[in-house]
Peer 1: 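After the structure tokens below, expect a handful of questions from me.
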Amino acid sequence: MKFPTVLLLAAGLAGPLNAALAAPVLLELKPEQLAQAGLKTVAAGSLEASGEHLLPAQVVIDPRHLEILAAPLSGIVTRVAVVSGETVRKGQLLGQLRGAQLLELQRDYLAARAQAETADEARRRDEALFSDGIIPRSRLAQTLATQRQAAAGLAEKRQSLRLAGLGEPGEAAAGFNGLVTLRAPFDGVVLEAPLQPGQRVDSNALLFKLGKLSPLSLEIQAGADIAGELRPGDAIAIDGCAGGGRVTVVAQSLSSASQSVMVRGELARPAGCVRPYQQLQLRVKAAAANSRRGWVIPREALVRHQGQDWVFVQEAQGYRPEPVKLIGEYEQTLRVDGRLDAATPLVVKGASALKAHWLGLGGR
């Protein structure tokens, strides 16, 4: 087929966008121009989605995998064994704290233990006396009540020691010294350790903040159209992370600041390929069943002119620019919506050359 020069070019450039839409443009190229442009045309229905969205994200630690170690009572920091950012193992020493109030807890525990032992001896004695008929039942009942009260008091003081992180005086683990030894409750990383030896801390002051490194969570920003395609369980791929991850939550509301949807994901076995609070680009593969309206085209098939997105459609006598709306972005492809059907022949290669001819920049 022989194509003459560009026709009706002025009609597409003389007026604003609505005038261009009212007077369709038909681009007719000469054979040498066609060869130079390297055009390729396929039916819209033959194009398939890659299913992968390239999205920005940040690696975070799920709040359910964080733990705060706070000062049980006021005291003096006597030792700091780790620093912020250090990886620790479960049971590893983090630091030590000593204080007068901690000594008081151990003292109160010793007093309660002595009372409980005395009350238990009295119970055994009175049970023997009652069985021999020497004391009345009322005397035994009073002794039993005293013993139960002493046992409850001892349990309370023992629990106070445990909450404070103190050992029971007399045990091999800790003596009567008011010293609290802080250890890692799980394998993880020290996120905060704002302490110095000799520093005085108040009750409930932050001593250490720890987080688990496996699994790690992802906070992904997605546009509303892309988020509409995603479902929990969709695959997540990150360069350098062999295991990959999955989508766990797709928020039902937009962020007022960014007008994006928060999509949360999880990396079950990051194995050091990412770090907490790292910002990165990742790929989320939407399930094919969740694909939305429109048509998927290569990125090079779309051009932009006068604030509008366009594709080129092949007709019998040439090529016509067709306005479309961009509704989704993938790693290698785009999803557009417009007056297209499965049989529409779309230009998927050489669209930039056609745009040049459309704007009067191509050769004649």
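Position 1 is the first residue of the sequence; numbering continues from there.
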Peer 1: Could you grab the distance from atom OG1 of Thr344 to atom CD of Glu315, nearest 0.5 Å is fine?
Peer 2: 10.0 Å

Peer 1: Rounded to the nearest 0.5 Å, what's the gap from CD on Gln115 to CG on Leu154? Could you check?
Peer 2: 9.5 Å

Peer 1: Should the heavy atoms of other residues, nucleotides or ligands under 6.0 Å from CZ of Arg79 be counted, would the total exceed 12?
Peer 2: no

Peer 1: Quick one: are Ile68 and Leu66 in side-chain contact, heavy atoms under 4.5 Å?
Peer 2: no

Peer 1: Assess whether a salt bridge exists between Glu121 and Arg125, defined as any Lys/Arg side-chain N lying under 4.0 Å from an Asp/Glu carboxylate O.
Peer 2: no

Peer 1: Considering only NZ, NE, NH1 and NH2 on the basic side and carboxylate oxygens on the acidic side, decide whether Glu300 and Lys349 come within less than 4.0 Å.
Peer 2: no

Peer 1: Using a strict cut-off of less than 4.0 Å between a Lys/Arg side-chain nitrogen and an Asp/Glu carboxylate oxygen, indicate whether Glu229 and Arg335 qualify as a salt bridge.
Peer 2: yes

Peer 1: Between the main-chain N or O of Ile134 and the side-chain N or O of Asp132, is there a donor-acceptor pair closer than 3.5 Å?
Peer 2: no

Peer 1: Less than 4.5 Å apart, side chain to side chain, heavy atoms only: is that true for Thr143 and Thr146?
Peer 2: no

Peer 1: Hey, are the side chains of Leu195 and Phe208 touching, using non-hydrogen atoms and a 4.5 Å cut-off?
Peer 2: yes

Peer 1: What's the separation between atom CZ in Phe130 and atom CZ in Arg123, rounded to the nearest 0.5 Å?
Peer 2: 14.5 Å

Peer 1: With a 4.0 Å cut-off on N to O distance, would you call Asp239 and Arg283 a salt bridge?
Peer 2: yes

Peer 1: Would you call Asp337 and Lys325 a salt bridge, taking side-chain N to carboxylate O under 4.0 Å as the test?
Peer 2: no

Peer 1: Using a strict cut-off of less than 4.0 Å between a Lys/Arg side-chain nitrogen and an Asp/Glu carboxylate oxygen, indicate whether Asp187 and Lys90 qualify as a salt bridge.
Peer 2: no

Peer 1: As an exercise, state the distance from CZ of Arg320 to CG of Leu354, rounded to the nearest 0.5 Å.
Peer 2: 12.5 Å

Peer 1: If you draw a 6.0 Å radius around CZ in Arg275, do more than 12 non-hydrogen atoms from other residues or ligands fall strictly inside?
Peer 2: no

Peer 1: Any chance you could measure Arg158, atom CZ, to Arg113, atom CZ, to the nearest 0.5 Å?
Peer 2: 8.5 Å

Peer 1: More than 12 heavy atoms of other residues, nucleotides or ligands under 6.0 Å from CD of Gln259: is that the case?
Peer 2: yes

Peer 1: Please check if atom CD in Gln149 has more than 12 non-hydrogen atoms from other residues, nucleotides or ligands closer than 6.0 Å.
Peer 2: no

Peer 1: Would you say Val83 and Leu182 are hydrophobically clustered, going by side-chain heavy atoms of ILVMFWY under 4.5 Å?
Peer 2: no

Peer 1: If you define the side chain from C-beta out and look only at heavy atoms, does anything of Ile220 sit under 4.5 Å from Met262?
Peer 2: no

Peer 1: Working to the nearest 0.5 Å, report the span between CG of Leu302 and OG of Ser352.
Peer 2: 11.5 Å

Peer 1: Could you check whether Arg246 pairs with Asp234 (Lys NZ or Arg NE/NH1/NH2 to Asp/Glu carboxylate O, under 4.0 Å)?
Peer 2: no

Peer 1: May I ask you to check whether over 12 heavy atoms, not counting those of Gln278, lie within 6.0 Å of atom CD?
Peer 2: yes

